[in-house]
Amino acid sequence: MNVTYEYYKDSFGGSLISESHWKSIELKMSARLNRYTFERMEEGAWSVQAKTALCEMCDCAYKYDQRDGITSENNDGYSVSFDVSRSVDSMLYRIAEVYLVNTGLMDLAVDDDYE
C-alpha cells in the first residue's frame with residue numbers, strides 16, 4: 001500500500017471511507033495514479049502531493065460508486081437523473097493534475113539521459 005488508512009484519516013483528514021473499504025479503493029486508485037504518471041510512481045517513495053492526490057481520488061471514486069452516477073431521484077413520478085457531463089476518469093485525472101502538474105510526474109517528456 002502506498003497510502004495507509006492512518007495517513008488518509010490523520011494527515012489528509014479523510015472520514016468518508018471506512019477502514020474496511022480503504023484497501024481495495026486505495027489499490028485501484030494507486031494503479032490509476034501510476035497510469036496517469038506513466039509508471040513513475042515507485043513503491044514507498046511517494047511525495048506528500050502524490051499521497052494527497054491519491055486520498056482525494058479515493059474519496060471521489062467512493063462517492064461516485066455510492067451514487068452510481070445518479071445526481072438526483074424523485075419517486076413521485078419515478079425520475080432519475082445521471083451525471084453525464086464528466087466521466088469518473090476525467091474527474092480523477094483532474095484531481096491528480098491539481099497536485100502533480102508541476103512535479104514532472106505527469107509530463108509526457110522523455111529523459112534524454114536514459115541509456
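All values below come from the heavy atoms of this structure, side chains included, with hydrogens, waters and symmetry mates left out.
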| query | Looking at residues at least two apart in the chain, or sitting in another chain, which of them share a ring-ring contact (aromatic ring centres under 6.0 Å, His included) with Y36? | reply | Y93
Rounded to the nearest 0.5 Å, how far apart are [atom1] of [X] and [atom2] of [Y]?
X	Y	atom1	atom2	result
H21	D65	NE2	CG	10.0 Å
L92	E97	CG	CD	12.5 Å
L27	C58	CG	SG	9.0 Å
Y8	T52	OH	OG1	12.5 Å
M29	I95	CE	CD1	9.5 Å
L100	L105	CG	CG	5.5 Å

| message | Between M41 and V101, is there shared hydrophobic-cluster membership here, with clusters defined by ILVMFWY side-chain heavy atoms closer than 4.5 Å? | response | no
So do the side chains of [X] and [Y] get within less than 4.5 Å of each other, counting heavy atoms only?
X	Y	answer
L54	Y99	no
E56	K51	no
V3	W22	yes
S30	W46	yes

Under 3.5 Å donor-acceptor, [X] side chain and [Y] backbone:
X	Y	value
E26	N2	yes
Y5	I17	yes
R40	D107	yes

| remark: Between A96 and A53, the two heavy atoms sitting closest are CA-CB, 4.2 Å
| said: Give me the atom names and distance for the closest heavy-atom approach of L33 to A50. | reply: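 Of all heavy-atom pairs spanning L33 and A50, the closest is CD2-O, 3.8 Å.
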| message | For D89, is there an ion pair with R35 - N to carboxylate O distance below 4.0 angstrom? | response | yes
| request: Check the surroundings of atom CG in N102: do more than 12 heavy atoms from other residues, nucleotides or ligands lie under 6.0 Å from it? | output: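 Check fails, neighbour count at 12 or below.
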| When you look at M91 and K63, which way does the side chain to side chain contact (heavy atoms under 4.5 Å, CB included) test go after all the steps? | CA-CA 12 Å; M91 290 187 291; K63 282 186 229 177; over 6 Å; no
